[in-house]
Each structure stands twice: as C-alpha cells, then as structure tokens.
Amino acid sequence: MKQVQKQTLIGMRDQLGGYTWEDAEISELVDPKLGIITGFQDLLDQLEVLRKIDLQAVPPAADIPTP
Amino acid sequence: MTAPAAFAPITELAVQLRNGDISAAQLLEHYADRIEHLADISRAFISLDLERARAKAALIDADFEAENLLNGIPYACKDLFDVQGIATTGGSRVLADNIAQQDAEVVRRLDRAGAIFIGKNNLHEFAYGATGENEIYGTPPNPYDPTRLAGGSSSGSAAAVSYGLCAAALGTDTGGSVRAPAALCGLVGFKPTFGRISTEGVIPYSWTLDHVGTLTRSAADAAILFEALVPGCQKSSTTGLDGLTIGIPQAFFFERCDSEILDSVERLMSFLRNAGAKLESVAMPSMEYTRTVSLTVQMPEALSYHNRYLEQRGELYSQDFRAGLALGQCLLAEQYIRAKRFVETYRRDLNAVFDQVDTILTPATPAIAPPIGAVEVMVDGSAEPAGNAITRYTSFFNMTGHPAITFPCGMHSAGLPIAAQLVGRHHSDESLIETARLIEQVYDFELPLPDLR
C-alpha cells in the first residue's frame, strides 16, 4: 500500500462530498502535530493488517442481549 | 459541619440527614460555599443551578423521606447531560446557547429518587480526549497535586467529587472517561454493561461505545446510584470474597506499567488470595490493535453526530477535535464495518474468559495522573501520548460492553492515588459493584484526603 498523500484526501473532500475541511486540517492527517491523533497513515497501516485477518462470518457487533 | 464532611460518602450523609444531624438545605449550602471558594482552583463546573437546588432542598426538609438514601444528596453531572432550562454546552463554544428542553432520563431518575442537581461539570470538549483539558473553561487539576491532570474526559465530574464540591457525579465513558479520572483522583468510577444505564438526553460522542457512569467516594455509593438509575435493578448474587474466582490477565494489562502501581495491585491480589478468592491466570483476546479498532469506530460516529453543526458553526470547534472529525471523514465504510466485526470477536473472546472466572482484575491505569500540558508521559521507560496511557487499560471494555469498576488501592510515592479495575460478565453489574464494596470494606487501605490548603 502506498503512503496516503494530502492531494488524495483533498480529492476525497472535493469529489466525494462531505464537510469542506480546511487544508490545514487535512495536513494534520498526513503530518500530525497535535498529539491526539498519531497519524492517519499509521491507522491505515494497522487497518491494512486487520483487513488481511479472516473474520469468517462474524457479523458487526450489535446490542448486548438481555439475559 | 467541618470541612471533612464534604468528603463523606452518601452512606454517611444519608444517616446524618435521616437523624436530623443536618438538613438538606445545610448540606447544600456547605457544598455551595466550597464551590464558590474553590471555583478558580477546581474548574469543576461550567454552570450552577443553586436556585432550583435550594428550592428542592427546602421541599425535602419539609417532608423528609428517610427510607430513600438519595433524598437530599447533592450531585452534579458532566455537561453532556440535558437538564431542562440550562445550556448543555458539551464544554464547547459550539453549543454555548443550547438550552435543554427537558431532563435526560438519568437526571429524571435521580430527581425522582430525591437527589439534588447542583450543576454541570467541565469536560474535554464533547468528550474527545482523556486528558480533560479544555481551552474554553480551563483544565480541572488533580486535587492531590494541582500541577497534574484530574484526567478525562469527565474531568470536571472527577474534580467536583474529589475537591469535596458534591457527593457524587455522573459522567460518560467511551474509552475510560469515567473510570480513568476517578482512578487518578482517588474515587470509585463505574461504567455499567453497555445499555444498562440510559443515554437518552446525553450528547453522544460514539453511540456504540458510550456508557453513562458514576463517580463516587465508595463502591457502596455506586450501588446506591445504580439502584436509582436502573429500573429493575437486581440484588447482587455475590455473598463474599471467599470462593470468588478472579482472572488475572497474562499479558497487556500488567505490561508497560508504573512499578509502584504494579506493587499496589499485587498487594491487593495477595489480600484477595488470603481472603479466600481463587486467582487464575487468564488469556485475554489479542490487544494489539484494540486502539485502532476503537478509533475506527469512534471517529465516523462522532462525525456523523457533529455533521449537524459543522456547516453553521464549524469554526467554533477546537482545532484538535476538528482534526479528529476530519479523520472520521476519510475512513472507508468497510473499515468501519470491519472494526465493528472485530468488536464482536472481542466480545465473544472475553465472554469465553468469563466461562472460567467470575471477575477480572487489572490495574486501572498504567500511570499516575500526568502533568497538565504534557503531550507524552514516560511509562516504564518508554514515551506514550498522555491520553493513550490514561485509557490503555480501560478502553477495551467499552468495545466489549462488559461492566467495569475502578477503585483506589494505594498511594504512589509522588503523592497521587493508585487504583485497580474489576471487570464482570455482561449484566453482572450488581455483583461487580458488590465485590468492590466487599473489598473496600475489609481491605486495609484508606485513601488520605487531598490537602487543599
């Protein structure tokens, strides 16, 4: 998987719809400075590892049944 | 009343009220004086509602119902909970004018139980972040060391109770935001089984991870609040510590942890063994990607709620929350669904652990309260973002939805509280709180009061 580029995220913003984030906020995703989000690329890399794990037929979590 | 009475648990205050040693009005004024005196230091409240509180206290005193333990007990709630006629700000400029039209369900329930609402607590903006820092309303400090954090996101709720400004508080817990600040401030923090306490009338952060929880001075107080908050609350099936099977996770929860915290939890484990509990090592689900899974659920859900305000008031959000919401926009739908499927595997795997044990014991946090303003903390020799460290041992149980309670079990040489966490089976909330209550009743540890001079 290639590194995510700021231009890719700007393209998503401009072409896929959704809130019009400022360029500075998109920059934060590819070059984090605020400390809370450790970087979108790190998250994507980890999600790519998770994508390769076979979850078989496990469905998404729903409410917890009452006994 | 003397100052230490401000630190009395509900169980003691209820006796004083019932015996007529103090009236509801006197108790309320005692807290009101402290709130005024400590307002600039604690930064615990965003708004107060003392006029209505005084009217209710007068009504209670005129016709006191002694059998109700919450009658006349002042409490506060995080400023995400609706209280009719008062702004629910979420700790943000975005909702500074958001006057609630009706009470949240939990506020209605506590009102019916006779508790007196006194005000709304400060928080990390919209519950986004575990440090509890708030650039608008200030950052609540830790009463044991005001240079350190109370922790968050329910920072004001923890500060309000631990500074002795009210008897108990409500918070929300999406990754540990009740349990962690309670642990850092020497309180008992409880989050129920997912869905067991109503979130109706509470501003959401992440619908499928949010839990309403309680911050109290004791597990006995947590039990009193739980009974009032949950319709059809059952009696606990726990009768004693003898024979209780307690799971000790083999990995993750005792790793990268402050050595004094480990020592305190190991002392507690020895005590539990001597009390007849059986401690068993348990293999937990893989924790390697749990933060990734949690974030992938949180941020799209948060964006979905806040989308309603972004177009008109987007510039009023703080910079860090906007960046988090932007991340929510960039995740793919399949990534969100896959994360939810991982959540389901975590639930199933943890349910299997509870086939072997009654409860699981962990440290509540791997570190003591970090300094205010610290971006990173050193934990066992390695640097970690402060917010990640604060919730490292708690956030997993928001995904699995199991009930969990944190309670003080030691004091660090830095003068800050240390806490342990117990986790129970789904819907075993009553038994879990009772187990913590039994421990606090007989465990030879008494938390010193904070020195607020």
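Chain letters run A, B, ... following the sequence lines, proteins first and then strands; every chain starts at 1. Below, each value reflects all heavy atoms present in this structure, side chains not excepted, and no hydrogens, waters or symmetry copies.
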Separation between [atom1] of [X] and [atom2] of [Y], rounded to the nearest 0.5 Å:
X       : Y       : atom1 : atom2 : answer
E25(A)  : L327(B) : CD    : CG    : 12.0 Å
C330(B) : I26(A)  : SG    : CD1   : 6.5 Å
L43(A)  : T296(B) : CG    : OG1   : 4.5 Å
L332(B) : L47(A)  : CG    : CG    : 9.0 Å

Taking all heavy atoms of [X] and all of [Y], pick out the closest pair and write down the distance.
X       : Y       : answer
H426(B) : I64(A)  : NE2-CD1, 3.5 Å
M12(A)  : Q329(B) : CE-O, 4.2 Å
P59(A)  : E344(B) : O-CB, 3.3 Å
R338(B) : L50(A)  : NH1-O, 2.9 Å
V343(B) : A61(A)  : CG1-CB, 3.6 Å
W21(A)  : L325(B) : CH2-CB, 3.4 Å

R348(B) vs V58(A), side chain to side chain contact (heavy atoms under 4.5 Å, CB included): CA-CA, chis, key distance, verdict: CA-CA 10 Å; R348(B) 292 179 183 190; V58(A) 173; 3.9 Å; yes

Proximal component of [X], with respect to chain B [non-hydrogen, under 4.5 Å]:
X      : answer
L9(A)  : side chain
A24(A) : neither
V4(A)  : neither
I53(A) : both
E48(A) : neither

Side chain, backbone, both or neither: which part of [X] has a heavy atom under 4.5 Å from chain A?
X       : result
E288(B) : neither
Y346(B) : neither
R322(B) : both
S286(B) : neither

Expected output: side-chain R51(A) to main-chain Q335(B) donor-acceptor under 3.5 Å: no

CD/E315(B): more than 12 non-hydrogen atoms of other groups inside 6.0 Å: yes

More than 12 heavy atoms of other groups within 6.0 Å of E376(B) CD: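 Above 12, so yes.
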
